[in-house]
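Just so we're clear, the structure is a prediction, and the values are computed from it rather than from any experiment. Here is how names work: the chains are called A, B, and so on, in the same order as the sequence lines, proteins then strands, and each is numbered from 1.
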Amino acid sequence: DTIKVGVIGPFSGPFALQGKNFKAGIDAYMAVNGNTVGSDTVEIVYRDVPQADPAQSKALAQELIVKEKVQYLAGFYFTPDAMAVTPILKQGNVPMVIMNAATSAIVTKSPLVVRTSFTTWQTSTPIAKVAFDAGVKKVISVVSDYGPGIDAENAFKAGFEKAGGQVVEAIRMPLATNDFSPIMQRIKDSGAEGVFAFLPSGPTTLGFVKAYNDNGLKAAGIKFFAPGDLTQESDLPALGDAALGIQTTFHYAVSHDSPENKAFVEAATKAIGNKAELSFPSVSAYDGMYVIYKMIEATGGKQDAEKAVDAVKGLAWTSPRGPVSIDPESRHITQNIYLREVVKADDGTYINKEVQTFEKQGDPGLAAVK
Amino acid sequence: MQTVFSIAVDAFAYGMVLFVISIGLSVTMGLMRVVNLAHGAFAMIGGYIASYVARDLGLGYAAAVIAAVVITIIVAIPIECFLYRRIYGAPELTQVLMTIGITFCVIGIANYVMGPTLKTIPLPAALQGSADLGFRTIPVHRLFVILCGLAVALALWFAVDRTSFGVKQRASVDDAAMAAALGVRTDIIYAVSFAVAVGLAAFGGVVGAELLPVEPYYALRYMVTFLVVVSVGGAGSIPGALIACLLLGAIDTTGRYLMPEFGEFFFYLAVIAIICVFPRGLAGRVK
Amino acid sequence: MPAISLEVENLSAGYGPTRVLEGISFSVPAGARLAVLGRNGMGKTTLLATLAGQTRRYEGSIRLGDSDVTTVPSAARAHKGLGYVPQARCVFPTLTVEENLFVGLKARPKTALEEAYTMFPRLKERRRNLGSQLSGGEQQMLSTARTILGRPSVLLLDEPLEGLAPVICEELMAAFADLAKTGDMTILLVEQRIQSALDFADQVVILERGRLAWTGTPENLTGDHEAVESLLGVGGLH
Amino acid sequence: MALVMNDENGPLQHRRGFISRDLIGIAVIIAIAAIGYFAFPDNLALLTRMITIALLVLSLDLVTGYCGVATLGHAALFGSGAYAAGILSAHYGINDPLLMMLAGVAGGAVAGLLCGAIILRAHALPQLVLSIALINLFHEFANKASSWTGGSDGLSGIAPDPVFGLFEFDLYGHTAFFFGMALLLIVFVLLRVLVRSPFGMLCRAIKQDPLRIRAMGASPKAALIRMYAISGAIAGVGGALNAISTQVVGLDSLSFTQSAEALVMLVLGGTGSLFGALSGTVIFMLFEDYVSAANPFHWLTMVGALLIAVVLFAPKGLYGTAATFIGRRREQRS
Amino acid sequence: MSPVFEVANLKKAFGGLAVTNNVSLIMSPGDRIALIGPNGAGKTTFVNLVTGNLLPDSGEVRLGGELVTKVDAIGRVRRGLVRSFQVTRLFQDMTPAEHVGLAVLQRDGKTGHMFGNFLRMPDVMAEVDDLLGKLGLALLMHRKVSEIAYGQQRLLEIAVALALKPKVLLLDEPAAGVPQSDTGRIEQALADLPADLAVLMIEHDMDLVFRFARRVIVLAAGAIIFDGLPEDVTKDARVREAYLGSYANASHIA
Ligand SMILES: Nc1ncnc2c1ncn2[C@@H]1O[C@H](COP(=O)(O)OP(=O)(O)OP(=O)(O)O)[C@@H](O)[C@H]1O
Ligand SMILES: Nc1ncnc2c1ncn2[C@@H]1O[C@H](COP(=O)(O)OP(=O)(O)OP(=O)(O)O)[C@@H](O)[C@H]1O
Ligand SMILES: [Mg+2]
Ligand SMILES: [Mg+2]
């Protein structure tokens, strides 16, 4: 039989790169592991939601379930897109595997949700400890003013204050900020010794990092901390030397040194066509497919969402990013978070080099919001 | 006090960048009366060409700028002939439809050909680094953009207000049929104006790339910004556009400094206030 | 025999699907003054506009001097010596008076602007004003002066007296007559004031529903009461 | 007919058969809906979404097509309706779809009044920019008021009750579809009456020359603001329907993108006629759905090409051009 | 009879140019005034000032005794002061019937009605038919204005003004562009106006002026240089020189 998996993501528009990474991860998995599970053939049906648009996302999910008869829904780059679909999972008898959307609360909306990516809380909490350990006691936090940014701000603040540091100021700036000079001026004036920043990966990070250098903050010794969204690999060539030395915490670096990752990077590069475009959503998609394959195995290809989800609760395996497991309670992925530093590799490309590992991190966000 | 100066410098520099990038749009929109939503698309094409020439071919920055402007104009010629020529004088909404269509196509093609990642244009050593102003530093590149902005403003103002081409150009826009009846070759005038606008777009795309990095979605991402500064200035007025860019740059920068979380509010409230007071833009010509 | 400066053969024209002119043929010798008359909506404006290359032509040919301009675009016709003063005036609203005149100059030196100012001193007073700020009559003067500055060999005038004060009308008609005589200009005049037109013209054509209904001299017309009555809808002429 | 001249024929045509033409119009809509229903029985969500957007586009047509107000911020009205309905359900637990609909209408109308009062202060390009500024303000506001709106994560927790206590909003979307269809028909009939009324005629005249209207003693501004409020109410119906059928309201419903897309659909169909608005929506969304499913990665190019083609070959919009063409044919035959 | 319309010391300057220079004027019901003067004398500006389309620098305007200097243009129209435009301003996509219908509805305060159609309102249509018939536009009443000739548009412009049933009517060159054959219609329409309506007409067609006016006012360089009977105007040397030229000598003055 053919088992269809519906994947909803941003395949065109401003976030096309991330959608492309979804596809690369999925293609890579199927290239390595074949497109059959038992006697069933797995087929992927892609649907495009270029920007956060819950209504569109829901309409497409409905279409995928009712018309395309998909047994699994996956993808979901933006939180509201995932949120919109959770109410129909039960009736549709379809599990949902989230490959990006990083707000903690989504998993609470339906028991049929499994997440193989990360949450902003998860990746932002360890950097607080890193900052404190680096001897920085006063930090200013600068985030983009939207859901994930606010999550990042809260996560950092919670972690940093627990460690004993002080967040002297918390700035939220509009998503569509082009010129960061005034922000840099604010940072300077705040008297902080370090800055914690969160911006969505993409064009604006370039301006931010450049402004950080150009306005003399780097020279002034103000340290820079951020979760890895800021230095995603596909942005690094553009950031160039400006990013050198920036420390970020994240769940995955393309340069991660393990045989699993080598195999993954090779397959994913082939799928995406250009290694420079490879970024973190690909690995979540890859692991998402792993989970879906396990679900298909467990249900023998029959459509039974509950059984499928139950089967992967507690599942543990070695992902390209390192050892991971699905937390049976929250159905969110437990994984290592790495501290990385941007360095120039021998071949002249820029990479996130892992320098420290925080093992088996769960999602602190869920507890924090509760 | 130092902070005030510092903000002022940032504001001025940002305003000039806005000016350089959007002035081409003032030409199409004010002087040719075409609501050209594809302005960003041409700027982006320029950026891609410059990036290719400077990074992949390894030629110099100057070569990249020139190549960007020239090739973008060459690319634009058929687009003008077959598409824009059909919408001169058409209702605004038709123009919106056509130019959005063009933008979509350019985005799609850029995404396909160049890939979805950011492209940078390496700066020459002379433009890298920061200059010391005494009380603070400022990236040399910003100073360069400021100079470019002033030069463009002056040259354009001269061409439009002081040359016979400028007079004929404005006449053609006011009433193309009558201008033709008086012997003005309106199609040539339009083609040349369009080439100038596109060339300026490409130029702005290249020199502004430090602030607005080049990627496929560039064409839509900054569309609103361009539209806003040009209209607030009063489409077609070079001094108006300059003042608007500096003013909005200042508001944006100050707002972002004082209350970053309400940055957008300040900016758009200022836009609304200005237009309510000057319904034709700061220096809008009477129709 | 004077050379033919404008020749129209079997001309049909109109707007989009609406045909207005049908099978118009006539020719005008160089230096002639032709009055085109007709009641409201009979196609006078359409005829001049078609000659100037501004409406859609369906059939027929137009010759200007010794070249065929049937398919030549409007601007090129102007360079071949055709001047057109439209009924709607079409002053460029965002240009100053001086700039408006400048457009009409074609390639002539800027000093020639004085010609226009001698013709209409009023324009000189207002030369820095925008076209849109002029009074109705001033716009009419500007429109006429602008075209004359280009020294056309054939001048098409569509109701050039509309909205002008009687004194100016007189002066203007005299100036036109002068241009025709000394400047060797051929003039086609559309005018509602029949008497003024007849005083001026040496040939008359009358349009009726898009067709040429009558041709002749002013004297003939004054005698032809029936034509005057039926084609122009006025009592008698003096 | 060779020559169109002064003594034109039939003024009579104009006087007969408005009602019968309206009935035909309604029949056509129902027929198309029925075709959609049977052609895409498993894709009712798409059809419902089409209805929602159609309501937005109709509402936009009222101000843009009939009044000549250029706006790229019309989603402000739509989104306000959606949030009004959504907040009623998510925060106050009032889940009756009809009450939610009422809240949407009210929310949209209020937003319409507000936007109208500001947008009408300028014309043409500056007006367009005012509308952009407004939609961005609305968007920012909704983002900031995240305790009410859920911010960028979207407002979830909307759980509409069954319509009349009988028909549940289910996975298959039957209820939402029929509910939406009923709303669309009601709105359509009301708008038909409105655009032909003296008030509708006044608005059309204002579109062409507001100064002339002033010289006739009518205030263009008062009329336009009124029209804006009506338009807001209609957009609010669309917004509320969106909230009810999706059960999530995202910031996108208050976005520039949504506004621009609505405008594109309207111009694509043809401004200044209700059928233009409807056909533009249907054609654009079907096209988008088709090409984006066929190639989720590069479909934007196809949409761009469609828009260009429409401007080149059907400059009055698809419906507008077709109507002109048919009208001309009819004239030639008579 | 008490004046319906009074202007006192009206002044307006554009930059340095005094376009309306201390103009005062009184009109009584039934007046038929012609306002003439050289091009650029300030006639249209005068109309714009009194109708509220332009703001005067100083001076007063009264309508039926009420001071309306601070009332906006719309308010003045509603109080019965109606104008026509020198350059036609019509709704290009609408028909003559719609123009006149709209004016009638507006006058009756019915343009806010959101249902019904004026084509099916017998009282409105009767008036529309009547007015358009009078001006010879009956056959064109359902064609778009953009498709009818300029001269006919001028007639429609007058029809719209009349449909508003004004107390004071200001006509700015109503016959400009109207051929001689049709000026008769305009004259007829003017002659049929209610006797107590006050009319001020700007016109350069002297034949029409002398047939219509019972009082002539001459404006030159923004100031009134003559105000009197038509018979006397041709005798005034200043008017002759500034405006009439040889017309004053012509034989056919009514
Ligand atoms: N743009 C147009 N579209 C369609 N028909 C038009 C257009 N312009 C004019 N017509 C029609 O063409 C006919 C002739 O118009 P034209 O303007 O040439 O008349 P005219 O003789 O100049 O009249 P007038 O004395 O009023 O200036 C009229 O019946 C008019 O309805
Ligand atoms: N907005 C303005 N700015 C500057 N000058 C103006 C403006 N409006 C009108 N004028 C000038 O004021 C003078 C009077 O204009 P107005 O239109 O009142 O003349 P008019 O008496 O109606 O003339 P005509 O008989 O030619 O229509 C003209 O010289 C005109 O150029
Ligand atoms: Mg004419
Ligand atoms: Mg005047």
Side-chain angles (χ1 to χ4, degrees), chain B residues 29-30 33 35 37-38 82-83 86-87 90-112 116 216 220 223-225 227-232 234-236 261-265 267-281 284 287, chain D residues 64-65 68 70-73 117-141 143-144 256-257 260-261 263-268 270-272 280 295 297-317:
Chain B
M29 232 156 49
R33 306 239 171 100
V35 181
L37 299 187
F82 294 113
L83 302 181
R86 307 286 287 270
I87 54 168
E92 272 164 30
L93 292 181
T94 310
Q95 299 176 339
V96 165
L97 197 65
M98 167 74 95
T99 53
I100 280 201
I102 294 176
T103 310
F104 283 176
C105 284
V106 173
I107 291 179
I109 293 169
N111 209 345
Y112 186 74
L220 277 182
M223 188 170 86
V224 164
T225 316
L227 261 181
V228 166
V229 293
V230 166
S231 319
V232 166
E261 52 272 62
F262 293 103
E264 296 276 89
F265 278 95
F267 185 80
Y268 287 110
L269 278 178
V271 168
I272 291 177
I274 294 175
I275 293 185
C276 285
V277 179
F278 302 94
R280 287 198 185 86
K287 263 210 179 153
Chain D
T64 300
T71 164
L72 274 170
I118 293 173
I119 276 187
L120 295 171
R121 300 188 68 103
H123 294 285
L125 206 60
Q127 186 171 55
L128 213 57
V129 169
L130 273 185
S131 70
I132 295 176
L134 271 176
I135 185 74
N136 279 312
L137 281 183
F138 270 74
H139 187 272
E140 269 306 295
F141 183 77
N143 186 25
K144 281 269 169 258
F256 170 77
T257 318
E261 217 165 77
L263 188 71
V264 164
M265 290 183 217
L266 174 61
V267 184
L268 185 80
T271 55
N295 185 346
F297 309 97
H298 297 294
W299 60 277
L300 200 61
T301 319
M302 294 300 297
V303 173
L306 170 74
L307 302 188
I308 294 175
V310 166
V311 175
L312 292 184
F313 303 112
K316 287 183 184 165

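Looking at every heavy atom in both residues, D:Ile308 comes nearest to B:Cys105 through CD1-SG, 4.1 Å. Smallest separation of non-hydrogen atoms from D:Leu312 and B:Met98: CD2-CE, 3.8 Å. When all heavy atoms of B:Ile275 and D:Pro126 are compared, the closest pair comes out as CD1-O, 3.6 Å. Nearest heavy-atom pair across B:Pro279 and D:Arg121 is CB-O, 3.7 Å.
The shortest distance between side-chain heavy atoms of D:Val264 and B:Ile100 falls below 4.5 Å. Contact annotation: the side chain of B:Val224 approaches that of D:Asn136 to within less than 4.5 Å [non-hydrogen atoms, C-beta and beyond].
The CG atom of D:Leu130 sits 9.5 Å away from the OG atom of B:Ser231 when rounded to the nearest 0.5 Å. Atoms CD and CG, from B:Glu92 and D:Leu128 in turn, are 7.0 Å apart once rounded to the nearest 0.5 Å. D:Thr64 OG1 to B:Leu93 CG: the interatomic distance, rounded to the nearest 0.5 Å, is 6.5 Å. One finds the CG atom of D:Leu134 at 9.5 Å from the CG atom of B:Leu269 (value rounded to the nearest 0.5 Å). Taking CE of B:Met223 as the start and CG of D:Leu72 as the end, the distance is 7.0 Å to the nearest 0.5 Å. Here B:Arg280 contributes atom CZ and D:Leu125 contributes atom CG; the two are 13.0 Å apart, rounded to the nearest 0.5 Å.
Per-residue heavy-atom pair counts under 4.5 Å with chain B were compared for D:His298, D:Gln127, D:His123, D:His139, and the maximum is reached by D:His298. No other option in B:Ile107, B:Leu220, B:Val96, B:Leu83 has as many heavy-atom pairs under 4.5 Å with chain D as B:Leu83.
Only the backbone of B:Phe82 comes within contact range of chain D, with heavy atoms under 4.5 Å apart. In this structure, chain B has no heavy atom under 4.5 Å from any part of D:Lys316. D:Thr257 does not touch chain B: none of its heavy atoms, backbone or side chain, sits under 4.5 Å away. Interface residue B:Glu261: backbone and side-chain heavy atoms are both found under 4.5 Å from chain D.
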- Task: Would you sort out whether B:Tyr268 and D:Glu140 count as a side-chain contact (heavy atoms from CB on, under 4.5 Å), showing the intermediate values?
- Result: CA-CA 10 Å; B:Tyr268 287 110; D:Glu140 269 306 295; 5.9 Å; no

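The ring pair (Phe, Tyr, Trp, His ring centres under 6.0 Å) search around B:Phe262 returns B:Phe265, not counting sequence neighbours. Listed by chain and number, the residues in a ring pair (Phe, Tyr, Trp, His ring centres under 6.0 Å) with D:Phe141 amount to none (sequence neighbours excluded).
Shown are D:Val310, D:Leu266, D:Leu263; of these, the side chain to side chain contact (heavy atoms under 4.5 Å, CB included) with B:Leu97 is made only by D:Val310.
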